[in-house]
*Asks:* 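Okay, handing you the structure first.
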Amino acid sequence: MKRTTLIIALLITFFSNAQDYVVEEKFTPKTYGNLFAEFNPNNRSIVSWGRSYDSSSDEFLIPKGSNYFDARYQYNQKLFLGCSFVSGFGYNWDAIRLNNDSATLYNDSVFHDKRKLRFQNITTNLGLRFQTSSHPDEGFFFQATMYNDFLVHSASVTWDEVGDSELKTRLKGLDYVNKHSMGVELRFGYMAFAMFSRYSLKDIFKNSDGYQGIPRLTFGVQIEMAASE
């Protein structure tokens, strides 16, 4: 009994003298500023969607189904106030839906219900960027670059109806297409949004005799955002 009483007395003494230690921490944005220090706004991710422009009178292509997509990385190196040197690389997809006339057969004299040329390229670009703000995510900007496309995939795709069935034929690795093309790209935008146009300085076909060239002008919209290091 005495032992039990002694233990209870010791427990009462311990808990009566125990103290709670509370660590007070005040949250301020500056305390966590280092979390965002590695997020460099000069590293840019750019995603594009556009369409080729056909100014010919015989309507070489069909706009619906002719789409251009581009995803790339770009780095802005500041030269002086309001001007940066830009360099980047990425990948693009280009699909041209052709009209079914003699000028668009391209080594295929058979009439088809629908035909497309498809290309995929590794792309690089170098140029200058002018901006009204020192921060790439703010203000208006204008950018002019030279681009180089290196072909990695080409295909001619046709669709036909045979009876009640649809027949799709794909011919890959087109031997009459150049492996390299270059051109000029202009961009004008505000903050994360931009309009762009690309003009090819080189015909995509090795020998365009008897063929009408692919439209060289592409225009569309872009979204640009900062990419982490």
Side-chain angles (χ1 to χ4, degrees), residues 45-73 88-125 145-187 194-223:
S45 295
I46 302 173
V47 179
S48 310
W49 171 83
R51 282 186 172 172
S52 298
Y53 176 71
D54 178 24
S55 60
S56 62
S57 59
D58 54 359
E59 296 181 351
F60 169 75
L61 60 84
I62 301 175
K64 185 178 181 181
S66 296
N67 295 294
Y68 170 84
F69 296 95
D70 178 285
R72 68 178 184 263
Y73 163 84
F89 63 91
Y91 202 84
N92 60 48
W93 300 258
D94 200 2
I96 305 294
R97 183 177 177 183
L98 306 175
N99 269 320
N100 294 310
D101 56 29
S102 59
T104 63
L105 295 180
Y106 295 100
N107 295 343
D108 182 359
S109 58
V110 179
F111 180 87
H112 299 282
D113 291 335
K114 186 171 74 170
R115 66 174 67 238
K116 273 189 177 183
L117 293 175
R118 290 178 173 171
F119 309 101
Q120 295 180 29
N121 302 281
I122 294 174
T123 184
T124 62
N125 67 295
T145 58
M146 292 288 297
Y147 71 82
N148 285 275
D149 284 349
F150 302 91
L151 185 69
V152 295
H153 174 77
S154 62
S156 174
V157 187
T158 60
W159 289 261
D160 298 283
E161 288 189 8
V162 180
D164 296 331
S165 303
E166 185 179 82
L167 177 64
K168 182 178 180 180
T169 305
R170 185 191 303 269
L171 180 62
K172 299 181 180 179
L174 307 180
D175 58 1
Y176 51 88
V177 175
N178 285 311
K179 302 297 184 182
H180 168 256
S181 62
M182 60 184 300
V184 179
E185 181 182 273
L186 302 179
R187 306 176 60 227
M195 301 289 293
F196 80 93
S197 63
R198 286 166 50 101
Y199 182 77
S200 176
L201 300 175
K202 186 177 181 181
D203 193 353
I204 196 170
F205 298 110
K206 293 180 180 178
N207 183 2
S208 59
D209 292 342
Y211 301 131
Q212 182 176 345
I214 293 293
R216 297 190 178 194
L217 181 61
T218 301
F219 65 95
V221 294
Q222 294 179 333
I223 297 178

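The structure displayed is predicted, hence computed values, not measured ones.
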*Asks:* Could you pull out the closest heavy-atom pair between R97 and S66, with the gap in Å?
*Replies:*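 That would be N-OG, 2.9 Å.
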
*Asks:* Could you pull out all residues at least two apart from R187 that satisfy side chain to side chain contact (heavy atoms under 4.5 Å, CB included)?
*Replies:*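 If we apply the side chain to side chain contact (heavy atoms under 4.5 Å, CB included) test to R187, skipping adjacent residues, the hits are I46, R72, Q74, R129, F141, Q143, E185, A194, F196, Q222, E224.
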
*Asks:* Salt bridge or not between R198 and D94? Use side-chain N to carboxylate O under 4.0 Å.
*Replies:*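 Not counted as a salt bridge, because no side-chain N and carboxylate O are separated by less than 4.0 Å.
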
*Asks:* Is a side-chain donor or acceptor of N178 paired with a backbone partner of F205 at a separation under 3.5 angstrom?
*Replies:*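 Yes, the answer is positive, given that a donor and an acceptor are paired below the 3.5 Å cut-off.
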
*Asks:* Measuring from N67:CG to I96:CD1, what's the distance to the nearest 0.5 Å?
*Replies:*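 One gets 9.0 Å once the value is rounded to the nearest 0.5 Å.
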
*Asks:* Donor-acceptor check, side chain of S154 to backbone of F119, threshold 3.5 angstrom: yes or no?
*Replies:*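 Flag not set: sc S154 to bb F119 has no pair under 3.5 Å.
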
*Asks:* Measuring from atom CG of N148 to atom OG1 of T124, what distance do you get when rounded to the nearest 0.5 angstrom?
*Replies:*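 OG1 of T124 is found 4.5 Å from CG of N148.
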
*Asks:* With a 4.5 Å cut-off on side-chain heavy atoms, are T158 and K114 touching?
*Replies:*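 No, too far: nothing below the 4.5 Å cut-off.
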
*Asks:* For a side chain to side chain donor-acceptor pair (under 3.5 Å) check, start with the C-alpha distance between D149 and Y147, then their side-chain angles and the critical distance, and finish with the verdict.
*Replies:* CA-CA 7 Å; D149 284 349; Y147 71 82; 5.0 Å; no

*Asks:* Do you know the tightest heavy-atom contact between R170 and V157?
*Replies:*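 Nearest pair, atom of R170 first, then V157: NH1-CG2, 3.9 Å.
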
*Asks:* Tell me every residue that passes side chain to side chain contact (heavy atoms under 4.5 Å, CB included) with L186, counting only those two or more places apart in sequence or in another chain.
*Replies:*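 L186: side chain to side chain contact (heavy atoms under 4.5 Å, CB included) contacts with F142, A144, V184, S197.
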
*Asks:* Going by heavy atoms in the side chains, are D203 and R216 under 4.5 Å from each other?
*Replies:*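 Yes - at least one pair of side-chain heavy atoms lies under 4.5 Å apart.
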
*Asks:* Quick one: pull up CD1 in I122 and CD in Q120 and give me the separation to the nearest 0.5 Å.
*Replies:*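 So the CD1 of I122 and the CD of Q120 are separated by 10.0 Å.
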
*Asks:* So how far is it from K179 NZ to N121 CG, rounded to the nearest 0.5 Å?
*Replies:*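 Reported value, rounded in 0.5 Å steps: 10.5 Å.
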
